[in-house]
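Below is one structure, written out as structure tokens; the observations come after it.
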Amino acid sequence: MKIGYARVSTQDQNLRLQTDALNAAGVKRIFTDTATGSNIARSGLRDLLDHTREGDCVVVWRLDRIARSLKDLIELSAEFESRGVQLISLHENIDTTSTTGKLFFHIFGALAEFERNLIVERTHAGLAAARARGRLGGRKPVLDADKQAAVAKMLTEAREKKQDPNYRQIGRIVGASERTIRRFANQEYKGQAVKA
């Protein structure tokens, strides 16, 4: 089934040109958005994606109507390909039901994979550089050195009095959970700063 998508641009706030072209291309149903391309929450596009099934063909007047950026287009193309949905752009003359169009999907799929790999590499390089500067990732420790010393002192006092420590009360005093205090008491971290 051919399903159309149209979105107005800031220059042309009229969908008529697009819907006329989509109807002439044999589209059975058209989803529309009147939000600008920079607006992430496009309900018409979301409805289109929910409605499409394997074997359907999404038809757009121009590629910039369905995608806000090249990254967006790459991601949408990869999603369409994985779901067995074809894409036709009337203005750019791209038709993924043809051999040349399939090449389009493969190129954009390869670009998407390349971009994902670059992001992973950049992330690992950034983490390695931060570690080399002595910075560790993750959340800040709940128990810094001062709080650890205070907790250790309260635990020692309770043991000297032969009482069970009140982990909840100690946690309230230092601003940590009862579980964190228990973990510290059981020396799960053996002197390391405890995280929640």
Side-chain angles (χ1 to χ4, degrees), residues 5 7 9-10 33-52 63-85 87 105-196:
Y5 177 76
R7 178 179 59 82
S9 65
T10 51
D33 275 315
T34 54
T36 63
S38 60
N39 185 350
I40 294 171
R42 293 189 282 165
S43 59
L45 180 59
R46 189 176 54 249
D47 292 343
L48 168 85
L49 294 172
D50 290 342
H51 185 77
T52 54
L63 289 175
D64 66 353
R65 300 298 85 210
I66 197 164
R68 300 170 313 227
S69 64
L70 180 59
K71 179 179 182 274
D72 229 14
L73 182 60
I74 290 168
E75 289 172 0
L76 275 170
S77 296
E79 181 174 348
F80 286 156
E81 184 178 25
S82 70
R83 293 172 55 184
V85 175
L87 176 66
F105 259 170
H106 291 296
I107 289 171
F108 276 93
L111 286 172
E113 186 176 349
F114 177 69
E115 184 177 17
R116 281 191 298 272
N117 290 338
L118 280 179
I119 290 168
V120 168
E121 284 178 19
R122 279 190 229 121
T123 302
H124 289 302
L127 290 171
R131 277 193 295 276
R133 290 190 305 271
R135 294 181 62 201
L136 299 176
R139 296 185 336 192
K140 284 182 117 179
V142 172
L143 297 179
D144 58 19
D146 292 338
K147 288 182 179 180
Q148 285 186 33
V151 170
K153 182 179 176 191
M154 288 184 262
L155 291 171
T156 302
E157 288 172 359
R159 288 187 187 116
E160 286 174 354
K161 293 177 185 175
K162 298 190 191 242
Q163 297 175 344
D164 288 334
N166 187 335
Y167 298 111
R168 180 173 289 162
Q169 184 178 0
I170 294 170
R172 272 194 228 122
I173 292 169
V174 297
S177 69
E178 178 182 350
R179 181 173 179 240
T180 298
I181 303 304
R182 285 184 184 278
R183 288 165 57 192
F184 179 80
N186 293 331
Q187 297 185 351
E188 288 182 26
Y189 286 88
K190 297 183 180 167
Q192 294 180 19
V194 178
K195 295 181 181 178

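What you see below is based on every heavy atom in this structure, not just the backbone, and it leaves out hydrogens, waters and symmetry mates.
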**Asked** Shortest non-hydrogen contact from Gly175 to Val142?
**Response** O-CG1, 4.1 Å
**Message:** Just verifying a value: how many Å separate Ile181 CD1 and Arg172 CZ, rounded to the nearest 0.5 Å?
**Reply:** 11.5 Å
**Prompt:** Can you check side chain to side chain contact (heavy atoms under 4.5 Å, CB included) on Asp33 and Arg65, steps first, answer last?
**Reply:** CA-CA 9 Å; Asp33 275 315; Arg65 300 298 85 210; over 6 Å; no
**Request:** List the steps and the verdict of side chain to side chain contact (heavy atoms under 4.5 Å, CB included) for Leu87 and Tyr5.
**Result:** CA-CA 11 Å; Leu87 176 66; Tyr5 177 76; over 6 Å; no
**Request:** To the nearest 0.5 Å, tell me how far Thr52 OG1 sits from Arg83 CZ.
**Result:** 3.5 Å
**Item:** Leu73 backbone acceptor or donor facing Ser77 side chain under 3.5 Å
**Value:** yes
**Item:** Atom of Ala158, atom of Pro165 and distance for their closest heavy-atom approach
**Value:** CB-CA, 4.0 Å
**Request:** Measure the CD-CE distance between Glu157 and Met154 for me, rounded to the nearest 0.5 Å.
**Result:** 8.0 Å
**Message:** For a quick test of reading the model, state the closest non-hydrogen atom pair linking Ala150 to Val174 and the distance between them.
**Reply:** CB-CG1, 4.4 Å
**Request:** Could you tell me the separation between the CD1 atom of Ile173 and the CZ atom of Arg168, rounded to the nearest 0.5 Å?
**Result:** 13.5 Å
**Item:** Stepwise side chain to side chain contact (heavy atoms under 4.5 Å, CB included) check, Leu155 with Phe184
**Value:** CA-CA 10 Å; Leu155 291 171; Phe184 179 80; 4.0 Å; yes
**Request:** Report, as yes or no, whether the 6.0 Å neighbourhood of atom CG on Asp50 holds more than 12 heavy atoms from other residues, nucleotides or ligands.
**Result:** yes
**Prompt:** Looking only at heavy atoms, which two atoms of Arg7 and Ala67 are closest? And how far apart?
**Reply:** NH2-O, 4.5 Å
**Asked** Hey, are the side chains of Val151 and Tyr167 touching, using non-hydrogen atoms and a 4.5 Å cut-off?
**Response** no
**Request:** Go through Asp47 and Arg42 one step at a time and tell me if the salt bridge (charged side-chain N to carboxylate O under 4.0 Å, His left out) criterion holds.
**Result:** CA-CA 9 Å; Asp47 292 343; Arg42 293 189 282 165; over 6 Å; no
**Message:** Go through it in stages, so that I can follow the logic: the residues are Ile66 and Leu48, the test is side chain to side chain contact (heavy atoms under 4.5 Å, CB included), and I'd like the CA-CA distance, side-chain angles, deciding distance and then a yes or no.
**Reply:** CA-CA 10 Å; Ile66 197 164; Leu48 168 85; 4.2 Å; yes
**Request:** State the CZ-CD1 distance between Phe114 and Ile107, to the nearest 0.5 angstrom.
**Result:** 14.5 Å
**Asked** Is there side-chain contact between Glu75 and Glu79, with at least one heavy-atom pair below 4.5 Å?
**Response** no
